[in-house]
There are 2 protein chains.
Amino acid sequence: MNARRNTRQRETILEVIQNASGPLGVSEILERARTQIPGVGLATVYRTLAMLKEGGQVLEVNLPGEESRFEPGTRHHHHHHFVCQTCHKVFELETCPVGIPAGSVLPGGFRVADHHLTLYGFCPQCDVRKAA
Amino acid sequence: MNARRNTRQRETILEVIQNASGPLGVSEILERARTQIPGVGLATVYRTLAMLKEGGQVLEVNLPGEESRFEPGTRHHHHHHFVCQTCHKVFELETCPVGIPAGSVLPGGFRVADHHLTLYGFCPQCDVRKAA
DNA sequence: ATCTATGCAAAGTATTTGCACAAAG
DNA sequence: CTTTGTGCAAATACTTTGCATAGAT
């Protein structure tokens, strides 16, 4: 019936994402995977990402105007992202400053199940440089 | 030199966005604009949106996995979006449950200038239907 | 041996651009 | 009249899909 198979490309793609310092775009994932398996195809990356996403092993991160990015989902508790407006790097934050527990109902009758927050500003490095 | 011209399509596209109850996708904007100007082209919609976005008259809203949406930028108050996980409609919320004033510095030295929040859950209508 | 996964290329979407004509100023 | 805007179609970018074959079990 339905059996999931362990292939070198799947292993490699997951590793690439797990070894990255931040969320990667599809093209970056392809590039890095190709250093391990030169002939790997773009379609395989997309198919594998869809699979890993379903299994919760990776998370898709969408930032306005950018390509989708992917980050490991394994060690992942609830977290958010910080985008530096100067260097455009994306950071992962531990803090969740949103005062809405899942299950809350907002005025108007909106029952909240989840939320995504993206903070914009200056990362420590760029903030220092600005001040100087 | 550089002169901006007032055309019927620009007026119409802005009106369409301003008269909408929530942020609209490009195809929805095109459809509605065509009820006023049957022959209006898709490229014109994109070009006009880019222009209006630059001028701050409309804001682009990006939700994961969806087409970009556009909403009026005139009534510039701080607000967020609620996406119904059942009917996929997008609502605009008045409440801001994020406890981070602009200018705050997070642990780690991240200076926050702005934030985007998207809530997911069930809108009043779908919530009722689920309960029944 | 069986059936899933891969790689390629083709097909889909979403968005942008080149160009001749229309229209605003 | 001059210059910008429009509509169309072609071009791009990103993502998905069909199919024959490679590869996992």
Side-chain angles (χ1 to χ4, degrees), chain A residues 1-17 20 23-55 57-71 73 88 90, chain B residues 1-17 20 22-55 57-71 73 83 88 90:
Chain A
M1 303 280 289
N2 249 17
R4 208 110 283 186
R5 291 179 182 180
N6 267 358
T7 64
R8 198 148 80 85
Q9 16 287 79
R10 285 182 184 175
E11 275 175 33
T12 305
I13 289 169
L14 219 203
E15 276 169 22
V16 162
I17 295 170
L24 298 179
V26 173
S27 47
E28 295 170 304
I29 295 171
L30 182 64
E31 266 177 34
R32 298 186 190 193
R34 278 194 167 150
T35 66
Q36 312 292 315
I37 315 175
V40 72
L42 180 56
T44 299
V45 173
Y46 275 106
R47 281 188 280 231
T48 302
L49 287 172
M51 211 198 71
L52 293 172
K53 212 170 48 169
E54 261 207 41
Q57 287 141 297
V58 307
L59 283 180
E60 186 172 357
V61 181
N62 279 77
L63 302 172
E66 294 199 10
E67 193 186 6
S68 278
R69 291 169 172 280
F70 297 83
E71 65 182 8
H88 299 105
V90 180
Chain B
M1 303 273 288
N2 248 20
R4 209 108 283 186
R5 291 179 183 181
N6 268 357
T7 64
R8 199 148 79 86
Q9 18 284 79
R10 287 182 183 174
E11 275 175 33
T12 304
I13 289 168
L14 220 204
E15 276 169 22
V16 162
I17 294 170
L24 297 179
V26 173
S27 47
E28 294 169 304
I29 295 170
L30 181 66
E31 265 177 36
R32 299 188 189 193
R34 278 193 167 151
T35 66
Q36 312 292 315
I37 315 175
V40 72
L42 180 56
T44 299
V45 173
Y46 275 105
R47 282 188 279 232
T48 302
L49 287 172
M51 210 198 71
L52 294 172
K53 211 169 49 168
E54 261 206 39
Q57 287 141 297
V58 307
L59 284 180
E60 186 172 356
V61 181
N62 279 78
L63 303 172
E66 292 200 13
E67 193 186 7
S68 279
R69 292 167 172 280
F70 297 84
E71 65 185 7
V83 181
H88 300 105
V90 179

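Residue numbering restarts at 1 for every chain, and letters A, B, ... go by the order of the sequence lines.
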Practice item. Measure the distance from OH on B/Tyr46 to P on D/dG5 and round it to the nearest whole Å. Key: 20 Å

**Study point:** Spacing of B/Met51 atom CE relative to D/dT4 atom C1', expressed in whole Å
**Key:** 12 Å

Review point. With nearest nucleotides of DNA chain C determined for A/Gly39 and B/Ala43 from heavy-atom distances, which residue corresponds to the more 5′ nucleotide?
Key: A/Gly39

Check your understanding: Side-chain N or O of A/Gln9 less than 4.0 angstrom from OP1 or OP2 on D/dG23?
Key -> no

Check your understanding: What do the steps show when you test B/Gln9 against B/Thr48 for side chain to side chain contact (heavy atoms under 4.5 Å, CB included), and what is the final call?
Key -> CA-CA 8 Å; B/Gln9 18 284 79; B/Thr48 302; 5.6 Å; no

Check your understanding: For B/Glu67 and C/dT15, what is the distance between atoms CD and P respectively, to the nearest whole Å?
Key -> 5 Å

Revision key, fill the gap. Rounded to whole Å, the CD-C1' distance (A/Glu28 to D/dC14) equals 15 Å

Study note, to complete from the structure: Picking from D/dC8, C/dT6, D/dG5, the nucleotide nearest the side-chain atoms of B/Arg47 would be D/dC8

Exercise for review: For residues A/Thr35 and A/Val16, determine if any side-chain heavy atom of one lies less than 4.5 Å from a side-chain heavy atom of the other.
Suggested key: no

**Study point:** Between C1' of C/dA24 and CZ of B/Arg4, the distance in whole Å
**Key:** 14 Å

Review point. If only side-chain N and O atoms of B/Arg10 are considered, is one of them under 4.0 Å from the OP1 or OP2 phosphate oxygen of D/dG5?
Key: yes

Review point. Among A/Ile17, A/Leu49, A/Leu14, whose side-chain contact (heavy atoms from CB on, under 4.5 Å) with A/Gln57 holds?
Key: A/Leu14

**Study point:** Interatomic distance, B/Arg8 atom CZ to B/Gln36 atom CD [nearest 0.5 angstrom]
**Key:** 8.0 Å

Check your understanding: What integer distance in Å separates A/Arg5:CZ from D/dT25:C1'?
Key -> 6 Å

**Study point:** Value in whole Å for how far the P atom of C/dA5 lies from CD1 of A/Ile13
**Key:** 13 Å

Point to revise | Rounded distance (Å) that lies between atom C1' of C/dA9 and atom CG of A/Leu42 | key: 12 Å

Review point. At under 4.0 Å, does any side-chain N or O of B/Thr7 touch on OP1 or OP2 of D/dT6?
Key: yes

Revision key, fill the gap. Tightest non-hydrogen contact, residues B/Ile13 and B/Ala33, listed as CG1-CB, 4.4 Å

**Study point:** First of B/Arg8 and B/Ser68 reached from the 5' end of DNA chain C, by closest nucleotide
**Key:** B/Ser68

